[in-house]
Amino acid sequence: MNITAIKNIIVKRVIKSMRLFLLSLSLILVNVYTASAKEPVLSDQEVLQQLYHNSYKFWQKLRADNGVYRDGFQLDKKPSNRGSIANAGMGLMSLTIGHAQGWQDDAEQLVIQTLNTLSGLNSSFTPARNAAGCYMHFFNIHTGKAKSTDFSPIDTGIMLLGAVFVKNYFNENKTIAHLVDNLLASVDQSKFIGDPKKGQIALSMKENGQASGAWTLPYNEYMIVAWLAKKQSTDANSPANQLWNNFYQSPSLLAKAYYGEEKIPVLSVNKGWFTSMFTFLFNYYFVHHFSDSPEYLQAMKNAATADFSWWQSQGIHGWKSYEWGTGAGATLTGYSADRIFNHGARDENPYQIVSPHIIAGFSPVKPEVKTDLLALYRDINQQAVYHLNGNTPLLWRYSLKDKAWRAEVIQGVDYSTMLFGLAALPEFLGPEFFNYYNQL
């Protein structure tokens, strides 16, 4: 064999080797690209951690530069300038969660900023309040100017108990304690109490500090107002103490509606009408007497059982066992506080809206709800999954009647129980976190 032939053989082998190398390299690159293009497979714990942390991020997106909180998060829209006084209290509580989880090292400074602004110590912000110290429900986040006509006892109460929560959590911070004590003293809770024999609590207040004349009756989230009024009163025979002793001291004193053939007892205003489920959740997270009472905890569990039973009984085509939760928030026609109802009664949830934040909020009495939240997250239809500015998934309301509907806003006051409920899971802060720091 001559030299030329040998050279040709060598060249052919080199070319063949190069081709094999390039083919192998291309396959490697394709595999790398394909692997990177796939979504990472998250464990159950990683999904819960993601939903939990993202629920905290939601609250920081509601926070304005001066420390007050917007009413809600506008999905795919410019942020609103409407603030919510209730969200200020919930935002304060969120900061304790962020601090406890190591997500917010400067939480104390942020708390002080919020308390200063709410106290009127920010020169560019004057909170709208009436003669009794009651705050306006909605206001301009930049100025404090009223954006509604509703001086609201319940929203004021939620704010104040959120402030108490941060005082208890940051218990060595004298500045926080001073600001919170002054806020509490600046509101005359006695003005919110009507006839103690009827359990009347004012729905709204006038500019002059007097009740508007519209009253609510127990049972509902106004237990928050009753609790504050009782705690502020130094007279054992005051209307505030009488109302508390007549109704809220024990769930046995409250009216109950009975759901279904099982006759599940659910605290409500009367036997024929069910309250929206958020009332149990708000009272648990804000009122120590509720969260510390085995009787109230059983009442909360009864409510969860009745809610699930209602969904199970509706005969909704394609319904899955993890789709339940009847609460308040965005709906197809604006905003609604949905409720369960007995067969034959008026439809109180006409769009069959599932509320994941209600499911989460029941975690202190039903920690197994985390499996339902995981199922909602992994559901092939992804109806419950929304995103904050890109790839920040969280769970929110959706309709089983109109599956194409998507909410345009996530209301903070309602979404709060998603963050609180996830925080109350045993693997995170646990229910004792709220029961300890909500003491007044």
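Computed from heavy atoms alone, side chains included, the values below leave out hydrogens, waters and symmetry copies.
Side-chain atoms of Thr117 come within 3.5 Å of backbone N or O of Asn66 as a donor-acceptor pair. In this structure, Ser291 contributes its side chain and Asn435 its backbone to no donor-acceptor pair below 3.5 Å. Without hydrogens or angle criteria, Thr371 side chain to Glu368 main chain gives a donor-acceptor distance under 3.5 Å. Lys301 places no side-chain N or O within donor-acceptor distance of the main-chain N or O of Lys366, the cut-off being under 3.5 Å. Formation of a donor-acceptor pair under 3.5 Å by the Glu323 side chain with backbone atoms of Leu400 is not found in this model. Put simply, the side chain of Tyr335 never gets that close to the backbone of Gln411: no donor and acceptor are under 3.5 Å apart. Panel note: side chain Asn283, backbone Asn220; a donor-acceptor pair is recorded below 3.5 Å. Between the Gln50 side chain and the Val47 main chain, no donor and acceptor come within less than 3.5 Å of each other. Counting only distance, with no hydrogens or angles, the side chain of Thr417 and the backbone of Gly361 share no donor-acceptor pair below 3.5 Å. With hydrogens and angles ignored, the 3.5 Å screen pairs no side-chain donor or acceptor of Gln200 with any backbone N or O of Pro196.
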Margin query: Using the rule given for salt bridge (Lys or Arg N to Asp or Glu O under 4.0 Å), can you reason through Asp338 versus Arg397, listing the C-alpha separation, both sets of side-chain angles and the distance that settles it, and then say yes or no?
Written below: CA-CA 11 Å; Asp338 306 317; Arg397 283 159 64 91; 2.9 Å; yes

Next item on the list: Kindly indicate, with the supporting measurements, whether the criterion side chain to side chain donor-acceptor pair (under 3.5 Å) is fulfilled by Lys256 and Asn302.
Entry: CA-CA 11 Å; Lys256 298 173 185 66; Asn302 290 348; over 6 Å; no

Next item on the list: Go through the steps for Leu422 and Leu425 under the test side chain to side chain contact (heavy atoms under 4.5 Å, CB included), then give the verdict.
Entry: CA-CA 5 Å; Leu422 288 169; Leu425 287 173; 4.0 Å; yes

Margin query: For a salt bridge (Lys or Arg N to Asp or Glu O under 4.0 Å) check, start with the C-alpha distance between Asp44 and Arg378, then their side-chain angles and the critical distance, and finish with the verdict.
Written below: CA-CA 10 Å; Asp44 286 354; Arg378 293 196 165 109; 2.5 Å; yes

Notebook entry, point to check: Between Ser321 and Trp311, is a side chain to side chain donor-acceptor pair (under 3.5 Å) present by the stated rule, with each step listed?
Noted result: CA-CA 8 Å; Ser321 62; Trp311 283 95; over 6 Å; no

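Closest approach of Thr156 and Tyr135 over heavy atoms only: OG1-N, 3.0 Å. Scanning all heavy atoms of the two residues, the minimum distance from Phe274 to Ala257 falls at CE2-CB, 3.5 Å. Residues Ala304 and Trp324 share a closest heavy-atom pair of O-CZ3, 3.9 Å. Of all the heavy atoms in Leu51 and Leu394, the pair that sits closest is CD2-CA, 4.0 Å. Shown here for Trp310 and Ser313, the closest heavy-atom pair between the two residues is O-OG, 2.8 Å. Across Gln382 and Arg406, no two heavy atoms sit closer than the pair O-NH1, 3.7 Å.
Looking at residues two or more places apart in sequence or on another chain, you find a side chain to side chain contact (heavy atoms under 4.5 Å, CB included) between Asn130 and Ala132, Cys134, Phe151, Met205. Glu408 meets the salt bridge (Lys or Arg N to Asp or Glu O under 4.0 Å) test with Lys77; sequence neighbours excluded. Applying the salt bridge (Lys or Arg N to Asp or Glu O under 4.0 Å) test to Asp414 and every residue at least two apart in sequence or in another chain returns nothing. Applying the salt bridge (Lys or Arg N to Asp or Glu O under 4.0 Å) criterion to Asp379, with sequence neighbours excluded, gives Lys320.
More than 12 heavy atoms of other shown residues, nucleotides or ligands fall within 6.0 angstrom of atom CG in Asp347. By the 6.0 Å contact criterion, NE2 on His178 is open, its count of non-hydrogen atoms from other residues, nucleotides or ligands being 12 or less.
Distance CG/Leu395 to OG/Ser355: 11.5 Å, rounded to 0.5 Å. Interatomic distance, Glu295 CD to Gln298 CD, rounded to the nearest 0.5 Å: 9.5 Å. Put simply, CG on Leu92 and NZ on Lys167 are 14.0 Å apart, with the number rounded to the nearest 0.5 Å. Atom CG of residue Asn438 and atom CZ of residue Phe165 lie 6.5 Å apart, to the nearest 0.5 angstrom. To the nearest 0.5 Å, the span separating CD on Glu221 from CG on Asp155 amounts to 9.0 Å. Separation of atoms CD1 (Ile340) and CD1 (Ile264) is listed at 7.5 Å; rounding is to 0.5 Å.
Between Phe170 and His99, the ring centre distance stays below 6.0 Å. For Phe139 and Phe125, the distance between ring centers is under 6.0 angstrom. Tyr322 and Phe308 have their aromatic ring centers separated by at least 6.0 angstrom. Remark: aromatic rings of Tyr52 and Phe428 are close, center separation under 6.0 Å.
Residues Thr392 and Asn54 bring no donor and acceptor atom of their side chains to less than 3.5 Å of each other. Using modelled atom types and a 3.5 Å distance limit, the side chains of Thr114 and Arg63 yield a donor-acceptor pair. With hydrogens and angles left out, the side-chain atoms of Asp106 and Gln104 include a donor and acceptor closer than 3.5 Å. Side-chain contact, Arg82 with Ser148: no donor N or O sits under 3.5 Å from an acceptor N or O.
Taking the six-membered ring for Trp and thresholds of 30 and 60 degrees, Phe420 and Phe286 have ring planes more than 60 degrees apart, a perpendicular arrangement.
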Please report, to 0.1 Å, the donor-acceptor pairs under 3.5 Å made by any side chain of residues 224-232, with sequence neighbours excluded.
{"residue": "Lys231", "atom": "NZ", "partner": "Leu440", "partner atom": "O", "Å": "3.4"}
{"residue": "Gln232", "atom": "OE1", "partner": "Gln189", "partner atom": "N", "Å": "2.9"}
{"residue": "Gln232", "atom": "NE2", "partner": "Leu184", "partner atom": "O", "Å": "3.4"}
{"residue": "Gln232", "atom": "NE2", "partner": "Val187", "partner atom": "O", "Å": "2.7"}

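With respect to the salt-bridge test (charged N to carboxylate O, under 4.0 angstrom), the residues Lys147 and Asp71 do not qualify.
Sorted by first and then second residue, the pairs that involve residues 55-75 and meet ring pair (Phe, Tyr, Trp, His ring centres under 6.0 Å), not counting sequence neighbours, are Tyr56-Trp103, Phe58-Tyr415.
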